[in-house]
Amino acid sequence: MQFARINDVTIHYQVIGAPADRPVIIFINSLGTDFRIWRDVVVRLAGDFAIILYDKRGHGLSDIGQLPASIEDHATDLAGLLDLLSVRDAVIYGLSVGGLIAQSLYQRRPDLVRALILSDTAPKIGTAESWNARIAAVEKNGIGSIVDTIMERWFTPAFRRPENTAYSGYCNMLTRQPVESYIAACEAIRDADFTEAAKRIAVPTICIVGDQDGSTPPDLVLATAKLIPGARYEVIPDCAHIPCVEQPEALTAIIRAFLTSISPGESSP
């Protein structure tokens with residue numbers, strides 16, 4: 001396990017190396033998860049690409065740090081980690097809240113970003129009312145009180161079968177999240193809006209979504225792609241909000257095709 005002190009938090013991360021001429025991909029996970037969700041994608045990409053995984057503050061083995069913490073704070077953490085690792089011109093893959101962090105990172109530090117993969121995300125996710133209702137429910141009754149609702153958004157009915165032991169594991173991942181950091185992340189998502197900034201993204205970008213995503217539906221992700229100049233759009237069948245878990249093979253194929261299509265001259269301005 002690898003740890004680094006970034007800003008006011010200890011960040012848990014992992015680096016998987018590759019030949020020096022290969023692109024570096026940074027994976028930013030979703031709300032209530034840690035970087036173990038990427039395993040089935042990573043095993044398919046390892047060796048062909050350098051990979052950096054990390055637990056954002058308040059998730060996995062990383063510190064919670066000072067609260068509240070905005071999306072900009074999360075982006076500053078990631079920038080600090082990449083500076084520590086001497087990484088520039090990377091492909092940033094952001095899933096859900098990770099997509100907000102990726103957009104903020106590009107806005108603040110375009111030198112770090114060669115391309116963006118925005119998965120099951122948008123420049124603005126949900127409404128203040130919906131996030132305040134979720135926060136109130138968690139404050140009153142804990143994360144366990146919302147787990148069934150969240151899992152219906154995360155995974156398709158086929159994945160949520162009682163005999164699927166992986167489904168139980170992902171329920172555990174969510175419910176074992178510290179309440180204070182979960183609420184802080186909800187507040188950060190509620191308060192983030194990169195709609196205008198999305199129109200100024202000038203690196204190769206692809207927007208990906210599961211066809212049954214209940215958190216950021218395909219129409220929302222398509223609207224995101226239309227905001228970003230030249231962005232591509234892909235829908236993954238038989239998949240909800242977390243394609244790296246439900247459809248890792250299809251997702252990996254999309255990632256490979258996108259990265260192959262980026263010529264060496266296409267990079268951040």
* Under a 4.0 Å N-O cut-off, is there an ion pair linking Asp120 with Arg153? -> no
*Taking 4.0 angstrom as the limit, do Asp63 and Arg57 come out as a salt bridge?*
no
The reported gap from SG in Cys171 to CZ in Arg176 (rounded to nearest 0.5 angstrom) is 11.0 Å
For Gly60 and Asp55 the tightest heavy-atom approach is CA-OD2, 3.4 Å
Indicate whether the side chain of [X] and that of [Y] have a donor and an acceptor atom separated by less than 3.5 Å.
X: Ser261; Y: Arg232; result: yes
X: His59; Y: Asp34; result: no
X: Glu72; Y: Thr76; result: no
X: Ser30; Y: Thr33; result: yes

Parallel, tilted or perpendicular: ring planes of Phe159 versus Tyr167, cut at 30 and 60 degrees: perpendicular
May I ask you to establish whether Arg22 and Phe49 are in a cation-pi arrangement, using a distance under 6.0 Å from NZ or CZ to the six-membered ring centre and at most 45° from the ring axis? yes
Checking Leu78, Leu61, Asn29 against Tyr54 for side chain to side chain contact (heavy atoms under 4.5 Å, CB included), the one that qualifies is Leu78
Fill in: Ile28 vs Ile92 side-chain heavy atoms within contact, under 4.5 Å
yes
Which of His241, Gln212, Arg161, Glu246 passes side-chain hydrogen bond (donor to acceptor under 3.5 Å, both in side chains) with Thr156? It is Glu246
| message | Determine whether the aromatic ring centres of residues Trp38 and Tyr93 are separated by less than 6.0 angstrom. | response | yes
Does a sphere of radius 6.0 Å around CZ in Arg36 hold more than 12 heavy atoms from other residues, nucleotides or ligands, not counting ones at 6.0 Å or beyond? no
Subject >> Whether Tyr182 side chain and Thr175 backbone form a donor-acceptor pair below 3.5 Å >> reply: no
Is there a donor-acceptor pair under 3.5 Å between the side chain of Thr121 and the backbone N or O of Leu118? no
